[in-house]
Amino acid sequence: MAKLDELINKLCPDGVEYRRIKDIFTRLRGTPITAGKMKEIANTNGKIRIYAGGKTVIDANESDIPNANIVKVPSVLVQSRGIIDFVYYDKPFTFKNEMWAYTHENKTFVKFLYYVLKNKVEYFRNSSIGMGAMPQISLSVTEDFKIPVPPMEVQCEIVRILDNFTELTAELTAELTARKKQYEYYRDELLTFADDVEWKTLDKIATFTYGYTDRALDKGDVRFLRITDINSDGCLNKDAPKYLKLTEDNKKYLVNQGDLLMARTGATYGKTLYITTNEPAIYASFLIKINLSNNIINNRYYWHFAKSNLYWNQANKLVTTGGQPQFNANALKQVSVPVPPLSEQQRIVDILDRFDKLCNDISEGLPAEIEARKKQYEYYRDKLLTFKEKKN
């Protein structure tokens, strides 16, 4: 930062010029291609990346892409429909022709543009309001957008600083991915026992209670837990909570810390939530409360088991499909669980909890560190890209 301040004081102490994107950068057009064709030609070994709307991205061979218009220079892609966003890419790629990209002969300038646009992504997303059911921005929104144009030495230093933040976050994310794979490996290893460990079906060691049916509220006395509140890690989703008023009718559906809830239908079927807080909550009718015999099996031990391949190999055979997957209590009763002594269960829990904390704890694990680095990056990105406009 000291070097950057020195450069700004030396090269542009009175501010910088602001210019429209279309007056500086070359706009690139994409390839006319359908979603069906993209699915047909997708190839994990393909050398050309193809971007479509939203988060749809594939790789393909250039020979398989009809009317291919391949970009082979570093560029900033404007994802103009669905999810409004910006992508920097410096390898051969193309994109659906409803989008567009920008490039420049100076590679640093292209990367600088990317950081400027990412810093203003909310402005562009707000510009899509009122454009129809699906978010979409028009070409003029970016073409006429003015960006600061500091001297190239200043741009180089800003890009260097922000690249360092990006690389650090990428390294932490890669480490988190590796730790999750390590956790999954040890979980399955620890839950694979010799023949002397008895397996019990859940109908022998548990009872099951369906949840409460009511209309969810934006405000209320207690949280209303639904199937969408179980995330991919079997933890409570913090986003968009819903609530209920506490009544005599529904208070028997209150959950306690340590309780287990399983989603019995929809995309999250079979996923099991372990309640980690004392926050008052009532569980909905598409959830099943699993009441284990704790003199035989530990709730936390079962939760780790319910995330393992040993569990999912059974669940995927027992689920019934129709309009939506169904995994009701009758199916759940048939799930078989290895039940070692409680002391061994606790030993396994202690080991797997350490992995889980590292992988999922947003207060002190790797996710917390990644979140802190992202906030730090966003803070400095905004600070570094805010320039006084030079008066003519």
- Message: Assess whether a salt bridge exists between E344 and R347, defined as any Lys/Arg side-chain N lying under 4.0 Å from an Asp/Glu carboxylate O.
- Response: yes
- Message: Quick check: do K96 and T34 have side-chain heavy atoms less than 4.5 Å from each other?
- Response: no
- Message: So does P150 get a backbone contact from the side chain of Q155, meaning a donor-acceptor N/O pair under 3.5 Å?
- Response: yes
- In terms of heavy-atom contacts, does NZ of K120 have more than 12 from other residues, nucleotides or ligands at under 6.0 Å? no
- Answer yes or no: is there a donor N or O on one side and an acceptor on the other, between the side chain of T108 and the main chain of N106, under 3.5 Å? no
- Message: Using the salt bridge (Lys or Arg N to Asp or Glu O under 4.0 Å) definition, which of the options K22, R20, R27 pairs with E143?
- Response: R27
- Message: Can you confirm whether more than 12 heavy atoms, excluding those of Y18, are under 6.0 Å from its OH atom?
- Response: yes
- Query: Under 3.5 Å, is there a donor-acceptor pair between the N328 and Y269 side chains?
  - Reply: no
- Item | Under 3.5 Å donor-acceptor, N69 side chain and R29 backbone | yes
- Message: Membership question, hydrophobic clusters at under 4.5 Å side-chain separation (ILVMFWY): are L342 and I296 in the same one?
- Response: no
- Message: Taking the side chain as everything from C-beta on, heavy atoms only, tell me whether S128 gets closer than 4.5 Å to F124.
- Response: no
- Item | R49 side chain near V57 side chain, heavy-atom distance below 4.5 Å | yes
- Item | salt bridge (Lys or Arg N to Asp or Glu O under 4.0 Å) against E279, all qualifying residues, sequence neighbours excluded | none
- Message: Could you tell me if T272 and Y302 have a donor-acceptor pair between their side chains, going purely by distance under 3.5 Å?
- Response: no
- Item | Pair D59 + K47, salt bridge at N-O below 4.0 Å | no
- Message: In terms of relative ring orientation, are F305 and Y311 parallel, tilted or perpendicular, with 30° and 60° separating the classes?
- Response: perpendicular
- Query: Within a strict 4.5 Å, meaning less than it, do heavy atoms of the Y210 and R264 side chains meet?
  - Reply: yes
- Item | Side chain proximity check, P280 to L246, heavy atoms < 4.5 angstrom | no
- Between D229 and R226, is there a donor-acceptor pair closer than 3.5 Å when you use the side chain of the first and the backbone of the second? yes
- Task: Establish, yes or no, whether the cationic atom of K333 lies under 6.0 Å from the six-membered ring centre of F208 and within 45° of the ring axis.
- Result: no
- Task: Give every residue pair that meets the side chain to side chain donor-acceptor pair (under 3.5 Å) criterion with at least one member in residues 243-257, sequence neighbours excluded.
- Result: T247-N250, E248-K251, Q257-N278
- If you look at every heavy atom in V110 and H104, which pair is closest and at what distance? CG2-N, 3.4 Å
- Linking I/L/V/M/F/W/Y whenever their side-chain heavy atoms sit closer than 4.5 Å, directly or via other members, would I33 and V71 fall into one cluster? no
- Query: Is the side chain of N291 donor-acceptor paired with the backbone N or O of T207 at a distance under 3.5 Å, no angle test?
  - Reply: yes
- Donor-acceptor pair, side chain of T103 and main chain of P74, under 3.5 angstrom: yes
